[in-house]
Participant: 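Mind having a look at this structure? Questions to follow.
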Amino acid sequence: MSERFSPKVVPLVDLRAGALPVPAAASQPGERITANGLLTDTLGRNLRDLRISVTDRCNFRCSYCMPKEIFDKDHAYLPHASLLTFEEIFRVAQQFVNHGVQKIRLTGGEPLLRKNIEILIEQLAKLRTVDGTPLDLTLTTNGALLARKAQALKDAGLRRVTVSLDALDDTIFRKMNDVDFPVADVLEGIHAAHAAGLGPIKINMVVKRGTNDQEILPMARHFKGSGMVLRFIEYMDVGATNGWRMDDVVPSAEVIQRLQSEFSLVALDPSSAGETAQRWGFTSANGVHNTQAGEIGVISSVTQAFCGDCNRARLSTEGQLYLCLFANQGYDLRSLVRSNASDADIASAIGHIWNRRTDRYSELRGAMSADTGGGARRVEMSYIGG
Ligand code: SAM
C-alpha cells in the first residue's frame with residue numbers, strides 16, 4: 001500500500017443525492033424575501049461571495065483532493081443532464097447578486113474542462129452589483145489549459161485568475177498532480193494569463209508536510225517581485241477521501257517562520273472584509289512594506305478559523321446551495337429552477353436559506369475528535385467547488 005493511500009483513507013461517501021429541500025416558507029405569501037442586498041445569516045454575516053462549481057471533473061489527481069484510487073476510471077461523475085446549464089447558472093447567479101454578492105468565482109473540478117466556459121463568463125460579466133459596479137469575476141484553475149485559453153477568457157470578460165501550483169520542482173509537482181503533468185506547462189499558463197491581463201494573479205499552494213513543504217522558500221523566491229500574490233494554504237480536512245491527518249498540516253505560523261528565515265516580512269491589513277488570507281508584505285531595509293517586492297498570504301482555515309466573517313456561498317455542479325466548505329448537505333436549487341419558479345421565487349429561496357445559516361465548522365473543529373476533524377461526512381471539494 002502506498003504512503004499516499006494510507007489506512008486512514010475513508011471510502012467515498014456519495015452525498016450527492018441527499019439535497020435538502022428549499023424551505024417551504026420561501027414561497028408562502030407574507031413570508032417571501034425580496035432581494036435588497038442586505039441579507040444576513042443568524043450570525044449577522046452578509047452574503048458577498050459566490051463560488052460556482054461548473055464541473056466535478058478534473059484532469060489532475062492531486063492526492064489531497066481527488067485521489068486516483070477513488071477517482072479512477074470507474075468513478076461515476078455527474079451525467080451531463082444533472083449539471084446546471086449556463087442559462088440556469090446565470091439565472092441563479094443573478095439572484096445572488098441581487099442579494100448582495102459582489103464576487104463570483106468559477107471553480108470545480110477543473111473549470112476550464114467545462115465546454116464553452118467563455119459563454120458563461122460572457123453572461124456573468126454583464127451582471128452588476130446592487131451598487132451598479134461590475135462583479136469581481138474570477139476563476140480558480142490548475143493552469144493546465146490556461147496557456148491555450150487565457151486570451152479567450154479575458155476577451156469574454158473574466159477579470160482575473162487564481163492558479164493552483166503546489167511546487168516548482170518538476171518531480172514533486174508531477175507526483176502531487178499524479179498525472180505526470182509538467183510544471184513548465186503551468187508556468188506557461190500563468191505567463192499567458194499575465195500577458196492577457198488576467199491579474200492580479202493569485203497563486204495557491206497547498207502545503208502538505210513531507211510532500212511539498214520544502215518548496216515553501218523556492219516558491220516565495222520565484223514569485224517575489226512578480227506582481228503575483230503567492231498564498232500558502234493549510235491542508236484541510238475537506239471531503240472524506242484524502243485521509244487527512246493533522247500531522248500533515250503545516251500551520252501558517254510555521255510557514256511564516258520559515259519564510260522569515262530568509263525574508264523580512266510585515267503583517268498587512270486585510271484588503272476586504274471576509275478575506276480568507278492573512279497578508280504579509282516583503283519589506284525594504286527600513287522595515288516598511290516594499291510594494292515592488294509584493295506580498296504573500298497564508299490561509300489558515302485549520303489553525304485559525306475565520307468563520308466569523310465568512311460571506312461565501314457555494315453552488316455545486318448540479319445546483320445545490322452549500323453554506324460552508326465543510327457542509328455535508330446542500331439545498332436543492334436546481335429543482336426550483338427547473339420548476340416554473342420565477343426569479344422572485346429563486347431570490348426568496350436564497351433569502352430563506354441564508355437567513356437560517358448557522359455554519360461555522362472551522363471554529364467548531366477543535367471541539368470535535370482530535371486528528372480527524374470529527375470524521376464527519378463531508379462532501380468532496382471537487383463537487384462543491386474549492
Ligand atoms: N481545479 C481547480 C484548481 O486546481 O485550482 C479548482 C478546484 S480546486 C478544488 C480549488 C483549490 O482547492 C485548489 O487550490 C486546491 O489546491 C485546493 N484544495 C483542494 N483540496 C484541498 C485540501 N484538502 N486542502 C486545502 N486546499 C485544497
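Any value given below was found using the heavy atoms of this structure, including those in side chains, with hydrogens, waters and symmetry copies removed. In each ligand, atom 1 is the first atom listed, and ligand 1 is the first ligand listed.
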Participant: For Tyr361 and Asp237: C-alpha separation, side-chain torsions, deciding distance, then whether side-chain hydrogen bond (donor to acceptor under 3.5 Å, both in side chains) applies.
Facilitator: CA-CA 11 Å; Tyr361 172 83; Asp237 49 334; 2.8 Å; yes

Participant: Quick test of your reading of the model: are Arg45 and Asp309 salt-bridged, counting only N-O distances below 4.0 Å?
Facilitator: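 Answer for the salt bridge query: no.
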
Participant: Answer yes if the side chains of Gln151 and Asp155 hold a donor-acceptor pair under 3.5 Å, and no otherwise.
Facilitator: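 Yes, side-chain donor-acceptor contact under 3.5 Å.
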
Participant: Check ligand 1 against Asn142 and write out every atom of the ligand that is under 4.0 Å from a heavy-atom position of the residue.
Facilitator: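 Within the 4.0 Å cut-off of Asn142, ligand 1 contributes 2 (C), 3 (C), 4 (O), 5 (O).
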
Participant: Please assess Tyr64 against Asp166 for the test side-chain hydrogen bond (donor to acceptor under 3.5 Å, both in side chains), listing each intermediate value before the final yes or no.
Facilitator: CA-CA 11 Å; Tyr64 58 76; Asp166 294 333; 2.5 Å; yes

Participant: Decide if atom CG of Asn340 counts as having more than 12 heavy atoms of other residues, nucleotides or ligands within a radius under 6.0 Å.
Facilitator: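 Counting other residues, nucleotides and ligands, CG of Asn340 stays at 12 neighbours or fewer.
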
Participant: Exactly one of Asp136, Asp49, Thr162 should register a side-chain hydrogen bond (donor to acceptor under 3.5 Å, both in side chains) with Arg105. Which one does?
Facilitator: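 So, applying the side-chain hydrogen bond (donor to acceptor under 3.5 Å, both in side chains) to Arg105 and each of Asp136, Asp49, Thr162, only Thr162 qualifies.
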
Participant: At a 4.0 Å threshold, what atoms of ligand 1 neighbour a non-hydrogen atom of Thr141?
Facilitator: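 Within the 4.0 Å cut-off of Thr141, ligand 1 contributes 2 (C), 3 (C), 4 (O), 5 (O).
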
Participant: Does Met236, backbone or side chain, put an N or O under 3.5 Å from an N or O of ligand 1?
Facilitator: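 Between Met236 and ligand 1, an N or O pair is found under 3.5 Å apart.
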
Participant: Looking only at distances, please establish whether an N/O atom of ligand 1 is found under 3.5 Å from an N/O atom of Glu110.
Facilitator: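 Yes, since at least one N or O of Glu110 sits under 3.5 Å from an N or O of ligand 1.
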
Participant: As a check for students: among Gly109, Gly143, Gly108, Cys65, identify the option with a heavy atom nearest to atom 1 (N) of ligand 1.
Facilitator: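 Answer by nearest heavy atom: Gly109.
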
Participant: Evaluate Val238 for polar contact with ligand 1, using N/O atom pairs at a separation under 3.5 Å.
Facilitator: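 In this structure, Val238 places no N or O atom under 3.5 Å from an N or O of ligand 1.
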
Participant: So, regarding Ser164 and ligand 1 (criterion: nitrogen or oxygen to nitrogen or oxygen, under 3.5 Å), is there a contact or not?
Facilitator: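 Right, the criterion is met.
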
Participant: Note the single closest protein heavy atom to atom 10 (C) of ligand 1, along with its residue, its atom name and the distance in Å.
Facilitator: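 That would be Gly386 CA, 3.8 Å.
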
Participant: Has Met66 got any heavy atom lying under 4.0 angstrom from an atom of ligand 1?
Facilitator: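 No, that is not the case, since the closest heavy atom of the residue is not under 4.0 Å from the ligand.
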
Participant: Name the orientation class of the two ring planes belonging to Tyr235 and Trp244 (parallel below 30°, tilted from 30 to 60°, perpendicular beyond 60°).
Facilitator: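 Plane angle between 30° and 60°, so tilted.
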
Participant: Test your reading of the structure: does Tyr64 have an N or O sitting under 3.5 Å from an N or O of ligand 1?
Facilitator: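 In this structure, Tyr64 places an N or O atom under 3.5 Å from an N or O of ligand 1.
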
Participant: Answer side chain, backbone, both or neither: which part of Thr107 comes under 4.0 Å from ligand 1, heavy atoms only.
Facilitator: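 Side chain only.
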
Participant: Should the proximity of Val206 to ligand 1, defined as any heavy atom under 4.0 Å, be assigned to the side chain, the backbone, both, or neither?
Facilitator: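 Side chain only.
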
Participant: What's the shortest distance from atom 12 (O) of ligand 1 to any protein heavy atom, and which residue and atom give it?
Facilitator: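 That would be Met381 CE, 3.0 Å.
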
Participant: What residue among Thr140, Thr55, Thr141 forms side-chain hydrogen bond (donor to acceptor under 3.5 Å, both in side chains) with Glu110?
Facilitator: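 Exactly one option meets the side-chain hydrogen bond (donor to acceptor under 3.5 Å, both in side chains) with Glu110, and it is Thr141.
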
Participant: I'd like to know if Asp72 and Lys68 make a salt bridge, using a cut-off of under 4.0 Å between side-chain N and carboxylate O.
Facilitator: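 Salt bridge: no.
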
Participant: Measure Asn242 to ligand 1 on non-hydrogen atoms and call it side chain, backbone, both or neither using the 4.0 Å cut-off.
Facilitator: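 Looking at Asn242 and ligand 1, just side chain atoms fall under 4.0 Å.
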
